[in-house]
Amino acid sequence: MEQKQLIDLLKQMTLEEKIGQLLQLAAEFYSEKAEEKTGPMTDLGLTHEDINNAGTTLGISGAKEAIRVQKAYMENNRLGIPTILMADIIHGFRTIFPIPLGLGSSWDIEAAKKVAEVSAKEAAVSGLHVTFSPMVDLVRDPRWGRVMESTGEDPFLNSRFAEAFVKGYQGDDLKNDFFTVAACVKHFAAYGAAIGGRDYNTVNMSERQLRDSYLPGYKAALDAGAKLVMTSFNTVDGVPATGNKWLFREVLRKEFGFDGVVISDWGAVIELIPHGVAQDKKQAAELAIKAGVDIEMMTTCYIESLQELVEEKIVDEAVIDEAVLRILTLKNDLGLFENPHRGADVTLEKEVILSKEHRAIAREVARKSIVLLKNETILPLSKQEKVAIVGPAASSDDVIGVWSWQGKKEEAISLAQGVSQLDAEYVIGKEVFDYFEPSQAAINEAVTLAKEADKVVLALGEQDWMSGEASSRSDIRLPQAQLDLFKAVQEVNPNIIVTLYNGRPLDLQGIDSAKAIVEAWFPGTEGGSALADILYGEYNPTARLSMSFPETVGQVPVYYNYDNTGRPYKSGDEKYVTKYLDVSNFAKYPFGFGLSYSEFAYTDFTLSSDEMTPTETITVSITVENQSSITGQETVQLYIRDQVGEVVRPVKELKGFEKVTLQPYEKKNVQFTISEELLRYVHGDQTYASDAGMFDVMIGSNSRDTLTKTFKLLK
């Protein structure tokens, strides 16, 4: 359709029909089973006409059902307008990939794009049109369960991943390529800064910090063409995001130039009432529509109140028209007017979903996401040595994570299954081992097997429900039963390799004396295969942390790009500086950290000049050498610090990285270009600019271990 045709269609709609387009309902409202439909319908006080007019649908599953729902919807819609089928496809549809925090640890932008492409293809043939992804919330507090959905604590890295996800989901021709879906960037804005790491909690920060650290990820996704934005549950400067006119009308629409659809998160419009900024549904509807929220997800403030608000001239009907036109435009951008069933294909669905090709990609991406945190020359394992694989995660298929909507645990590969593919000598217990209260028989078996083995792979971690939405934890250590198991096994065999399945950085006290620690996250459908590949050296670890691991939860939030203070801590026992009495200031495993089976050295660090102007650049050069006999990949990281700024600047900020594959004993020169643009930041007056003066440029294998040189920006 041409834009003029969409406007003509809008003119044919009654006010009631327009308001209906602003409502999103879940799958059960379109079920053929009366008992599934009637209860929710009654709970929300909806009529059949309301359901028939609702503009978008959430959570429909499968091509056959998608086709049925769309067909029935269009038959019941007076103007034959199609619905949009949306869903949470976070890190895979049926083929599940590592959680986004794991994907972030790959530092592999192309891999993330491929994950989005495969996810989109599987979702599209199953009838879906929109995914509620990527989540680009900057995260610094691992107590927050939703850190699993983010790519980490750094604005630069998050932005690169945000862009890749959007491009992977939407492709180059969203309207005509039916293997793509529209991307919805979330949660706007600053949801990851919830106080205390407690989900849905208040966020409190300055506008400058919001713009400097938290908004870049969203902006990158929007610049890549994301079609939708989802509101966050939290407040922004005291106003809940879903009713925040400044955030959406001024920042998102005017400053960022976003002309796509804004959708609330589940129930977020009605939650303006308990937030305390709306006294009832009517006022909640007024605040949300005036703020620029086009679609209300799963509450009925709009359909109950907007018509009355228009009649009372509290809300201009033109505001509703704008929202409806944006929704119609999205439907047009997806090609739904010409092809209402779009990519839904029952036959193709069977071929594409969980195909061998997709499983192979999932295995490769999982390998790239698994971080080797510690290795006292105990890894890789030899296939000839006797290895005991014990612990609650040894045979568990709980490897796909809680946000794997269509993923099936029974289709996932456990660690034991992964090792069985490698023709290695290993033993594994037969007793079912509970994560929290293992039986004495299971414990005894694990200890006996460990005693008789050369080495022990102790498979520990969280269960999927322990991280994700509404899964904040104040204590991010492993469950006590697992710590006790570690101690019991260590007493009979100190050669322990701990593997971890989890959705957040953990406090590793109690298991940190293991000779090796392997962070596998929730690695997805092929997770066990990928982890076995890492353990036995079939794949040389390449992953680097995208979020710091604390020494103890008492340090949280602990992150690499912190601001200095007037009394900075450096080292030693000086008292009157910013430090703890009982623990280091710094992360146990910092941002960018990760080991390899290769050994890398950095030499010949040079700058092309020690001065630059706004129109010039500086070339940074470093030689990286593989000093081992094993081919490996190093992630060379570039950090910059503004020594003197108008406002306090972080001690370092990631500004570039390069993944370099090196053959045994090979050397390669790696170069970065520093431009004035890289030195800009948000000033106190909200302008984005650089300061003349001295800058440190740092290069290294992680945010802690770097070489430093200095240059001057002249203005």
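Side-chain atoms are counted along with the backbone in the values below, which use heavy atoms only and exclude waters and symmetry mates.
- A pairwise comparison of heavy atoms in Gly524 and Ile400 identifies C-CG2, 3.8 Å as the closest pair.
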### Task
Go through Leu508 and Leu500 one step at a time and tell me if the side-chain contact (heavy atoms from CB on, under 4.5 Å) criterion holds.
CA-CA 10 Å; Leu508 298 178; Leu500 297 168; 3.8 Å; yes
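- Defined by atom type and a distance below 3.5 Å, a donor-acceptor pair is present between the side-chain atoms of Asn502 and Glu519.
- For the residue pair Glu469 and Tyr200, a side-chain donor N or O sits within less than 3.5 Å of a side-chain acceptor on the partner.
- Lys219 forms a cation-pi arrangement with Phe256, by the criterion of a distance under 6.0 Å to the ring centre and an angle within 45° of the ring axis.
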### Message
Between Asp691 and His683, does the side chain to side chain donor-acceptor pair (under 3.5 Å) criterion hold? Intermediate values first, please.
### Response
CA-CA 10 Å; Asp691 296 323; His683 286 59; 2.8 Å; yes
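- No hydrogens or angles considered: a donor-acceptor pair under 3.5 Å links the side chains of Thr687 and Asp685.
- Counting only N and O atoms by type, the side chains of Asp265 and Thr231 include no donor and acceptor under 3.5 Å apart.
- The ring of Phe156 has its center no closer than 6.0 angstrom to the ring center of Trp107.
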### Task
Take Val277 and Val239 through the test side-chain contact (heavy atoms from CB on, under 4.5 Å) and record every step on the way to the result.
CA-CA 8 Å; Val277 296; Val239 180; 5.6 Å; no
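- Between Phe248 and Phe188, the ring center distance clears the sub-6.0 Å criterion.
- Two rings, from Tyr191 and Trp144, have their centers less than 6.0 Å apart.
- Looking at Lys290, Arg253, Arg249 one by one, the single match for salt bridge (Lys or Arg N to Asp or Glu O under 4.0 Å) with Glu322 turns out to be Arg249.
- Two residues are said to be in side-chain contact when any heavy atoms from C-beta on lie closer than 4.5 Å; Arg211 and Val251 meet this criterion.
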### Task
Kindly indicate, with the supporting measurements, whether the criterion side-chain contact (heavy atoms from CB on, under 4.5 Å) is fulfilled by Lys331 and Leu6.
CA-CA 10 Å; Lys331 294 180 179 185; Leu6 294 177; over 6 Å; no
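- Thr565 and Thr578 share no donor-acceptor pair across their side chains, judged by distance under 3.5 Å alone.
- Taking CG of Leu325 as the start and CD of Gln21 as the end, the distance is 11.0 Å to the nearest 0.5 Å.
- Residues Glu296 and Thr299 bring a donor and an acceptor atom of their side chains to less than 3.5 Å of each other.
- Tyr560 and Asp154 share a side-chain donor-acceptor pair at under 3.5 Å.
- With a 6.0 Å cutoff to the six-membered ring centre and a 45° limit on the axis angle, Arg704 does not count as a cation-pi contact of Phe586.
- Separating the CZ atom in Phe657 from the NZ atom in Lys655 is a distance of 13.5 Å, to the nearest 0.5 Å.
- A salt bridge does not link Glu286 to Lys282: none of the charged side-chain nitrogens sits closer than 4.0 Å to a carboxylate oxygen.
- Using modelled atom types and a 3.5 Å distance limit, the side chains of Tyr559 and Asp141 yield no donor-acceptor pair.
- Side-chain atoms of Glu462 and Leu506, non-hydrogen and from C-beta on, do get closer than 4.5 Å to each other.
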